[in-house]
Amino acid sequence: MAAIEADAVSKRYGSEVALDRVDLSVAEGETFGFLGPNGAGKSTFINVLLDYAKPTDGSASIFGNDCQGAGVAARDRIGVLPEGYSVFDRLTGRQHVEYAMDSKGVDGDPSRILDRVGILDDADRTASDYSKGMAQRLVLGMALVGDPDLLILDEPSTGLDPNGAAEMRAILEEENERGATVFFSSHILEQVEAVCDRVGILQNGELVAVDTIEGLRESLGGGTKLVITLDRLDDGTIESVRSVAGVETAVARDEETLEVTCTNDAKMDILVELHDAGVDVVNFRTEEASLEDMFIEYTGSR
Amino acid sequence: MTWRTVARRDWRLTVDARSAKVLLALVVLGVLLAGYIYPVVTTEPYTTSRFPAFVEGILTTLVPFVGVLLGYNAVVSDRESGAIRLSLSLPQSRSDVVLGTYASRTGLLAGTLAGSLAVAGALVVYPFGELQLGRFLVFVGLAVAYGAVWSGLGIAVSLAVATKRRALVVGFVFLFLFVVVWDALEAATALGLSAAGLVGDELPAAVELAFGLEPGRAFGRATAGLVDPTRSVEGAWYLGGWAAVAVLALWVVGPLGLAYARFAGRDLT
């Protein structure tokens, strides 16, 4: 059974389309990154999953339970770090975790969880005095209560310093190894690239790509970029490189540097072609297309 | 039964709040004061069944304000801040949140009313009064129901609107209408109708019924009809004691039900 199944989920606010027929299936046990620029509809999609918002059309389910019709059952086995929350005004951090335990029917010591997310020392302070990063840790702790089968996290590293973000990532990896499915949204590409099995790219409410990171690279011309420094560079040289089979683009970066994207097999052919044209190759290196390149390619924006 | 989880959390937060303490202390003070001076300012016989007629005026003034002020910010403030997102990310439904909050706030008011009325009853009985336990318990029950109407109205308001400020305004509109100007409205209607030559001295039944629906009046008629043997309710059956109990029950369920329907179908923004 799929952890998350979305079937043509649309959400419109008046004439504005926030989500446009999003189909998505997240398998049990995978770590799925939900990417997109701000305002692409990532949070709207998560809001539908959590029944904060009702879809205009379509439906979504979590472990087979409809998110709207059977919301309580859908949320029974999940842990959530939502966006736009605030902590309860006069409850301490410990009481927050106790609230989650109480609601999920879990016994045990909140200290274990508070320690795991690194706020045990502040557990008995009022949570409204926490910094954004501490609140984020606290709510992650609430999400971890009861070893959920699915974690849904909306921009989990918001408010965390680089250290905190790394700890967050480590916890997500531990949870995934335990067997939990992890679904999180982010606009920070490195994070997604580091931990995700698959990513989905959302753009203006439409899911424009869902694939593994390798798959995305493949579909973008094998994803190899050659940066070649030559002793001289003229239009004729660029033309002849473009004529090599497997070359996608060839662009002069400056007076003596040529950038070529191509399939993996074409690399040697390019060098041979340059040699035949009588141009000396001073230096060359290859770059893998980063997720950022792909992201820009897909969404046309940063 | 996750509404209990919500109720426990809400209870813990509400009893901690200074404003709630002040409001509830006001109720205690009013009721105890009534119990204390009742034997002093009225004539014999002092019984716990005649005491309600005396304390009623204080209750119908204090309880609406306290109920609305306890309830109006219940859900809307969590919604405004975003804390409700934490509640609703857990395996609990919107109805759990509403029911839990309602149980907690109404419970606070009901407990305060029952406790202070019990003490006031003791003040009435000692040293010269007479206890009529069954009837007094009915009265306490009615007072609790009346409290539940107003805390329910407060919660209903907090469900129906999107900001705390609006909730307060709407809450005060209800208070103003039902507690402050209701009698004047009725008098004005009677005057207007008779000046227009439409009616004689008495209001037509439908108008009388409409004005009688106000929770405070229903509470008064229920007390007169069911608690105090020296009083009786005159008029048609629909103005009798049991009908008044039914009216109170409708006031508990109606506003909350309507507001919940509105809240349940909405997106959190």
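Lettering follows sequence order; numbering is per chain, from 1.
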Do A/Tyr52 and B/Ile84 have side chains that get closer than 4.5 Å, going by heavy atoms?
-> no
Portion of B/Ser77 that has a non-hydrogen atom of chain A nearer than 4.5 angstrom = neither
Over 12 foreign heavy atoms within 6.0 Å of CZ, B/Phe174 = no
Measuring from A/Ile78:CD1 to B/Ser89:OG, what's the distance to the nearest 0.5 Å?
-> 7.5 Å
Which of the residues B/Gln92, B/Arg94, B/Arg266 is involved in the greatest number of heavy-atom pairs with chain A at under 4.5 angstrom?
-> B/Gln92
Given a strict heavy-atom distance threshold of 4.5 Å, which part of A/Asp89 is in contact with chain B: side chain, backbone, both, or neither?
-> neither
Inspect the surroundings of CZ in B/Arg18 and state if more than 12 heavy atoms from other residues, nucleotides or ligands are less than 6.0 Å away.
-> no
Heavy atoms from other residues, nucleotides or ligands near CZ of A/Arg125 exceed 12 (cutoff 6.0 Å) | yes
Among A/Leu91, A/Leu50, A/Val87, A/Val139, which has the most heavy-atom pairs under 4.5 Å with chain B?
-> A/Leu91
Between A/Lys104 and B/Pro91 the two heavy atoms that sit nearest each other are CG-CD, 3.8 Å
Work out which heavy atom in B/Thr2 is nearest to a heavy atom in A/Ser103; give both atom names and the distance.
-> CG2-O, 3.6 Å
If you round to the nearest 0.5 Å, how far is CZ of A/Arg90 from OG1 of B/Thr14?
-> 7.5 Å
Does CZ belonging to A/Arg21 count more than 12 external heavy atoms closer than 6.0 Å?
-> no
Close side-chain approach of B/Leu86 to A/Tyr99, heavy-atom, < 4.5 Å | no
Evaluate the side-chain proximity of A/Lys54 to B/Asp267: yes if any heavy-atom separation is below 4.5 Å, no if none is.
-> yes
Working to the nearest 0.5 Å, report the span between CG of B/Asp10 and CZ of A/Phe88.
-> 9.0 Å
Is A/Tyr13 atom OH crowded by more than 12 heavy atoms from other residues, nucleotides or ligands, each under 6.0 Å away?
-> yes
How about A/Asn47 and B/Arg85: do any of their side-chain heavy atoms sit closer than 4.5 Å?
-> yes
Is the count of non-hydrogen atoms from other residues, nucleotides or ligands lying under 6.0 Å from A/Asp107 atom CG greater than 12?
-> no
Examine whether an atom of A/Glu83 lies under 4.5 Å from a heavy atom of chain B, and if so say whether it belongs to the side chain, the backbone or both; otherwise answer neither.
-> both
